[in-house]
Amino acid sequence: MSEQRDYRDTVFLPKTDFPMKAGLPQKEPGILARWQEIGLYDKLREERAGREKFILHDGPPYANGDMHIGHALNRILKDMVVRSQTLLGKDAPFVPGWDCHGLPIEWKVEEQYRKAKRDKKEVPPKEFRAECRAYAQGWVDVQRGQLKRLGLMADFDHPYLTMQFESEATIVSELMKFVEAGNLYRGSKPVMWSPVEETALAEAEVEYEDIVSTQIDVAFEIVECPNVPELVGAHAVIWTTTPWTIPVNQAIAYGPEVEYQIFTFPLDRRKYLIARPLMDACLERLQMVNIFPSEGSAEAFRRARGTVIKGSDLAGTVARHPMHHLGGFYAAPRPFLPGDFVTTDSGTGLVHMAPDHGEDDFELCKANGLEPVFAVMDDGRYRDDWPWLGGNDERRRSVINKPFNAPEGPICSDLREAGALLAASDDYQHSYPHSWRSKAKVIFRCTPQWFVPMDRPLDVGDFDVAVPEGFGAAIALFTSKDHSTLREIALREIDRVEFFPPKGQNRLRSMVEGRPDWVLSRQRAWGVPITLFVRPDGSYLQDPAVNARVVAAIAKEGVDAWDESRKAEFLGLDHDPADYEMVTDILDVWFDSGCTHAFTLEGDRWPDQRWPADLYLEGSDQHRGWFQSSLLESSATRGRAPYDAVLTHGFTMDARGKKMSKSLGNTIDPLKVMQEYGADIIRLWALSVDFTEDHRIGDEILKGVGDQYRKLRNTFRYMLGALDGYVGDLSDTTEIPELELYVLSLLADLDAKMRQAVEEYDYNTYTRLLVDFCNEDLSAFFFDIRKDRLYCDGADDPQRNAYRAVLDILFHALVRYAAPVLVFTAEEVWQTRYPEDGEQGGSVHLLDWPSIPQVGVDTERWAQLRTLRDRVMEAIEPLRRDKTIRSGLEADVVVPAALVPDGFTDAQLAELFITASVTRGDSDAVTVTRTTDHKCGRCWRLLPEVTEDGALCARCEDVVTQMDAAT
RNA sequence: GGGCCGGUAGCUCAGUUGGUUAGAGCGCACCCCUGAUAAGGGUGAGGUCGGAGGUUCAAAUCCUCCUCGGCCCA
């Protein structure tokens, strides 16, 4: 045998500079810098100008703290929306936003004061707000940098902030739409109040501590009882741990389903009404258990426990206040009211109601026409004109003062004197809210607040809205003519809007159906003022000219413009400043964010935006939040939702499905993930999971995502290598093998599915389709089969060209499909293939959705072929195992003739199965034997024509001869 | 405590209106290749479909309860 020639140099191996290893953390920042340099976002706007628009309106995250994994998911999904819609050819400008006002920022600034030992009360409000503003701006800048790193396609140079003066002015002018239409009223509701700081507190500002309180049992004499006459003259026993609320008692609540019993105290024959299950515990407090003589005590006791009645029998019952002799407020009847909240867990089953100081009390009393009396002042004392323990009483103290409530304190003493105090002891342990700041006890206290009514017919002239294209009829329906209530309009809109996933619709609907009136006011500093001029009776000025002056001032100077010193200026000549007070409350921040559509989509700050948005996209918690505040705001002012569709995502859990928390130490920091794996990996993760539900992230998951990434990357690398130097296209080749046509039909099929996935915002399907296609149809099938042709056919062989033409089509399709997901890698792939495009400021992200040639192929026939192929692989395996053969190329295969689809030759089958030969037999089984043919020294196929191992087959002989001749 | 939502192989996901032996990709194990090479190919093992009842000829799919987890409220 002669010396064998090494044919390696004659084989056309893939050639590319595209590295297998990505090194994303190092590479991505450079790609970002280049995008910045070529002004990619603006360039895209220019190129898409005039196209159909797609507006995704950004829900503003709070400008406080670093980006966390939830932000990352949210932003990646939004970016996928923007990019995939862009890819479809639309113009999808995206303005990122931030929520900047509100309590958490106030706290942070206060915290800085504490560290500097500064008293907040000493700081002028303007200065305080300036610091809040600076603080928010600081975090906006930090988060903006972090978000950019994710590779988002957004107008980062022009974000919206709720604290920009223009935004603040728009929020005020939106509020004024409510004001001018009369869709705002002053009411009240109990809030947490700190008498020490003389301010309202949010739930998050209180902490619960165990304390010991005075518990008292108080008798209210029943004066009327239509259903149980026996009760007239009896005493209803109430129990409370806040004696100071007795002076503002207005009613007594009972449980309609609770059983009550009338107990007759043997010594004075007085009758008491107590819930039956609580009788023993109550009598023990009242020390009425041991008064019976030891003998026969049980019998006497039983006799003393008289008639049992049902709570509902108490309807219409009226008692009188123990201090009724004081007259006035105290002389009014104290009705018994049915309360679902009454339980028999503790107390007496009869609950004294002080609507000023409890939520249940407030709601129940309100429903029965009993209004709060505002007896307790800001500092926690009863007001000067209050008849009991008010101004003239030297015993007056803050109501939460301990001695004030003590068994020997003024309340208990007076009740005792009135014969109403049945028991009092300073021994009740419970947990009670305290101010997080001062550590002092807080109280519930009714405070005047501003409300938007949900169920009052809206009486507006015309909705001030530019009717968007295609919605003329819808808008006309909702103008002033029908006088719907805000709730009705909102519910109608919920039915119209499209929800992804659909369950979001029910969730939002049930919340809007059940929600109370919208409380707009907050007793705070850092926010947009409720710019109202109020008369003493609670009515307010509705003068568009005044409002216009206020709005103009805020647009120029921000919220600081709302200042007492400007009162006369704003009111102008038509109104006497003495008639009005300026409201000092600020707006609920949900109102701010409910207005983002107004100052971002409308107006000319972002001319490429338009109202309404096509889509709002946030976490499912925003059904309670932004989805709803935006809906209500827009429904009240414009008669429709500011969006046509709502997409919601779930929450990101740790690897075990538990929620992440700093205290548990199971958080995943997206910034670290980007440092370690790269932004493309975290993007691929976000777009692989079912984001509509809660989903997980963890090391194992990220590792899996990394594996998927590598597969995609290597698919591109192979295509880049195989397409090295290729400049033709499909039209250059006259002869297209059916396999190529089949792959094109697979691609067309994939394309349709990808497109559908985009339209349904079904991104995990989108990425799964892409990955599966690369794995199954390309890498393991098409590329594997065509490896021989690519490597060994003549450089300009028409069939080789046909393969490369299809590869080229695949490349252009896949790089576009991948672009919205792997934004960096797709760019790297594109620039590797077309460096000249890069030099001219091009980018993969400027491209449109690919157009796939439609070919006619009998795919069913090919499906059968692939099933047969699987069977052949299976049959080859045992021979591999026992080392009869090493590769499939050494196998002569006999397949059942009946299983071969029509129209394939044996030679084609051998090519498709990558075996030495395929013949057909009558047997049902696939049989495999080792071929006796020799291995071609160049293409390594085993063929009959090869005379000895290492000699050339006919095809390779031709190719090598030509190459040799050329050199 | 209440309302709503969810639990399918180690991981990420498919499973139409209830209908054969519950699928895919990845990972894993084993094997091949060494001309996509920190790549590529093949085969295989993995699941009481969260649990228990029930409806039905038939249940991952419908009903009830339980459990675990989540969001929003209280």
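Within every chain, numbering begins at 1; the chains are lettered A, B, ... in the order of the sequence lines, protein sequences first and strands thereafter.
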Problem - Distance, C1' atom - from B:C73 to B:U64, rounded to whole angstrom - result: 26 Å

Practice task
Using distance alone, with no hydrogens and no angle criterion, decide if A:Arg522 and A:Gln449 have a side-chain donor and acceptor under 3.5 Å apart.
Solution key: no

Problem - Sugar-phosphate only, base, or nothing, as touched by A:Val11 at under 4.0 Å among non-hydrogen atoms - result: base

Problem - Anti or syn - B:G70, cut at 90° from 0 - result: anti

Handout entry: Under the side-chain contact (heavy atoms from CB on, under 4.5 Å) test, residues paired with A:Ala722 that sit two or more places apart
Key = A:Tyr718, A:Leu790, A:Leu807

Exercise for the section: Give none if B:C11 has no partner; otherwise give the nucleotide forming a Watson-Crick or G-U wobble pair with it, both distances under 3.5 Å. Expected result: B:G25

Exercise for the section: Could you check how far NZ of A:Lys659 sits from C1' of B:G7, rounded to whole Å? Expected result: 18 Å

Problem - B:U17 versus B:G53 - spacing of their P atoms, nearest Å - result: 28 Å

Exercise for the section: Hey, can you tell me if A:His649 and A:Phe651 have their rings parallel, tilted or perpendicular (30° and 60° cut-offs)? Expected result: tilted

Practice task
Could you work out the separation of B:G46 and B:A52 based on their C1' atoms and round it to a whole Å?
Solution key: 26 Å

Problem - Between C1' of B:G41 and CG of A:Leu889, the distance in whole Å - result: 11 Å

Completion exercise
Closest non-hydrogen atoms of A:Ser593 and A:Pro60, given as atom of the first, atom of the second and distance, are CB-CG, 4.2 Å

Exercise for the section: For B:G25 versus B:G70, give the span between their C1' atoms, rounded off to a whole number of Å. Expected result: 27 Å

Exercise for the section: Under 4.0 Å between any heavy atoms, over every strand shown, what does A:Phe783 touch: base, sugar-phosphate, or nothing? Just pick one. Expected result: base

Practice task
Could you tell me whether A:Arg786 contacts a base, only the sugar-phosphate backbone, or nothing, with contacts defined as non-hydrogen atoms closer than 4.0 Å?
Solution key: nothing

Practice task
Tell me which of A:Asp360 and A:Ile701 sits closer to the 5' end of RNA chain B, going by the nucleotide each one is nearest to.
Solution key: A:Ile701

Handout entry: Complement of B:G1, any strand, by Watson-Crick or G-U distances under 3.5 angstrom
Key = B:C73

Exercise for the section: Round to the nearest Å and state the distance from A:Asp772 atom CG to B:U12 atom P. Expected result: 16 Å

Practice task
For the side chain of A:Met873, starting at C-beta, report the closest nucleotide among B:U43, B:A39, B:C31.
Solution key: B:U43

Practice task
Would you indicate what A:Gln708 reaches in the nucleic acid, counting non-hydrogen atoms under 4.0 angstrom: base, sugar-phosphate, or nothing?
Solution key: nothing

Problem - A:Glu618 vs A:Phe627 side-chain heavy atoms within contact, under 4.5 Å - result: yes

Problem - Ring-face cation of A:Arg507 near A:Phe499 (centre distance under 6.0 Å, axis angle within 45°) - result: no

Exercise for the section: Could you check whether A:Trp685 gets within reach of a base, just the sugar-phosphate, or nothing at all, counting any heavy atom under 4.0 Å? Expected result: nothing

Exercise for the section: Describe the nucleic acid contact of A:Ser779 in one word from base, sugar-phosphate, nothing, applying a heavy-atom distance below 4.0 Å. Expected result: base

Practice task
Report the nucleotide, chosen from B:C32, B:G35, B:G42, that has the shortest atom-to-atom distance to any side-chain atom of A:Ser887.
Solution key: B:C32

Problem - Integer-rounded Å distance: B:G10 P and A:Leu702 CG - result: 20 Å

Exercise for the section: Write down the distance between CG (A:Leu770) and C1' (B:C26), rounded to a whole number of angstrom. Expected result: 14 Å

Problem - A:Arg696 (side chain) and B:C11 (base): donor-acceptor pair under 3.5 Å - result: no

Exercise for the section: Remember a base hit wins even if backbone is also touched, and classify A:Lys711 as base, sugar-phosphate or nothing at under 4.0 Å, heavy atoms. Expected result: sugar-phosphate

Donor-acceptor list for residues 699-707 of chain A side chains, cut-off 3.5 Å, not counting sequence neighbours:
residue  : atom : partner  : partner atom : Å
A:Asp707 : OD1  : A:Arg710 : NH1          : 3.4
A:Asp707 : OD1  : A:Arg710 : NH2          : 3.2

Completion exercise
Checking N1-N3 plus N6-O4 or O6-N4 for Watson-Crick, or N1-O2 and O6-N3 for wobble, each under 3.5 Å, the partner of B:G40 is B:C32

Handout entry: Closest to side chain of A:Met20, choosing from B:U12, B:A38, B:C26
Key = B:A38

Problem - Rounded interatomic separation in angstrom, taking CE from A:Met719 and P from B:G40 - result: 13 Å

Exercise for the section: Report the nucleotide, chosen from B:C72, B:U34, B:G35, that has the shortest atom-to-atom distance to any side-chain atom of A:Leu13. Expected result: B:G35

Exercise for the section: Provide the Watson-Crick or G-U wobble partner of B:U48, both distances under 3.5 Å; none if there is no partner. Expected result: none

Practice task
Mind checking A:Tyr718 for me? I need base, sugar-phosphate or nothing, with any heavy atom below 4.0 Å counting as a touch.
Solution key: base

Practice task
Measure from the side-chain heavy atoms of A:Arg768 and tell me the nearest of B:C13, B:G69, B:G42.
Solution key: B:C13

Handout entry: Polar contact flag, side-chain donor to acceptor under 3.5 angstrom, A:Thr692-A:Tyr761
Key = no

Completion exercise
Picking from B:G6, B:C71, B:C73, the nucleotide nearest the side-chain atoms of A:Ser620 would be B:C71

Practice task
Have a look at A:Lys883 and say if it touches a base, only the backbone sugar-phosphate, or nothing, with a 4.0 Å heavy-atom cut-off.
Solution key: sugar-phosphate

Exercise for the section: Rounded to whole angstrom, note down the C1' distance from B:C5 over to B:G47. Expected result: 24 Å

Exercise for the section: For B:U56 and B:A74, measure between their P atoms and round to the nearest Å. Expected result: 44 Å

Practice task
Write down the partner of B:U20 under the Watson-Crick or G-U wobble criteria, each distance required to be under 3.5 Å.
Solution key: none

Practice task
Ignoring the backbone of A:Trp940, work out which of B:G35, B:G25, B:A74 is nearest its side chain.
Solution key: B:G35

Practice task
For B:U8 versus B:G23, give the span between their C1' atoms, rounded off to a whole number of Å.
Solution key: 10 Å

Practice task
Could you say whether A:Lys658 or A:Lys21 is positioned toward the 5' end of RNA chain B, judged by the nucleotide with the nearest heavy atom to each?
Solution key: A:Lys21

Exercise for the section: Give a yes-or-no answer on whether the side chains of A:Tyr742 and A:Arg866 include a donor-acceptor pair shorter than 3.5 Å. Expected result: yes

Handout entry: Candidate nucleotides B:C13, B:G35, B:C73, ranked by approach to the side chain of A:His695 - the nearest
Key = B:C13

Fill in the blank from the handout: In Watson-Crick or G-U wobble terms, with both distances under 3.5 Å, the base opposite B:A58 is none

Practice task
For A:Arg881, report the nucleic acid contact type (base, sugar-phosphate, nothing); a contact means any heavy atom under 4.0 Å.
Solution key: base

Handout entry: C1' spacing across the pair B:C28 / B:U12, given as an integer number of angstrom
Key = 15 Å

Problem - Residue A:Asn775, side-chain heavy atoms: nucleotide from B:C73, B:G41, B:C26 that is nearest - result: B:C26

Problem - Under 4.0 angstrom between A:Tyr7 side-chain N/O and B:G35 OP1 or OP2 - result: no

Exercise for the section: Identify which nucleotide among B:C13, B:G25, B:G40 has an atom closest to any side-chain atom of A:Val689, counting heavy atoms from C-beta outward. Expected result: B:C13

Exercise for the section: Identify whether any heavy atom of A:Gly657 sits under 4.0 Å from a base atom; if not, whether one sits that close to sugar-phosphate; answer base, sugar-phosphate or nothing. Expected result: sugar-phosphate

Exercise for the section: Looking at every strand, decide which applies to A:Arg8 at a 4.0 Å heavy-atom threshold: base, sugar-phosphate, or nothing. Expected result: base

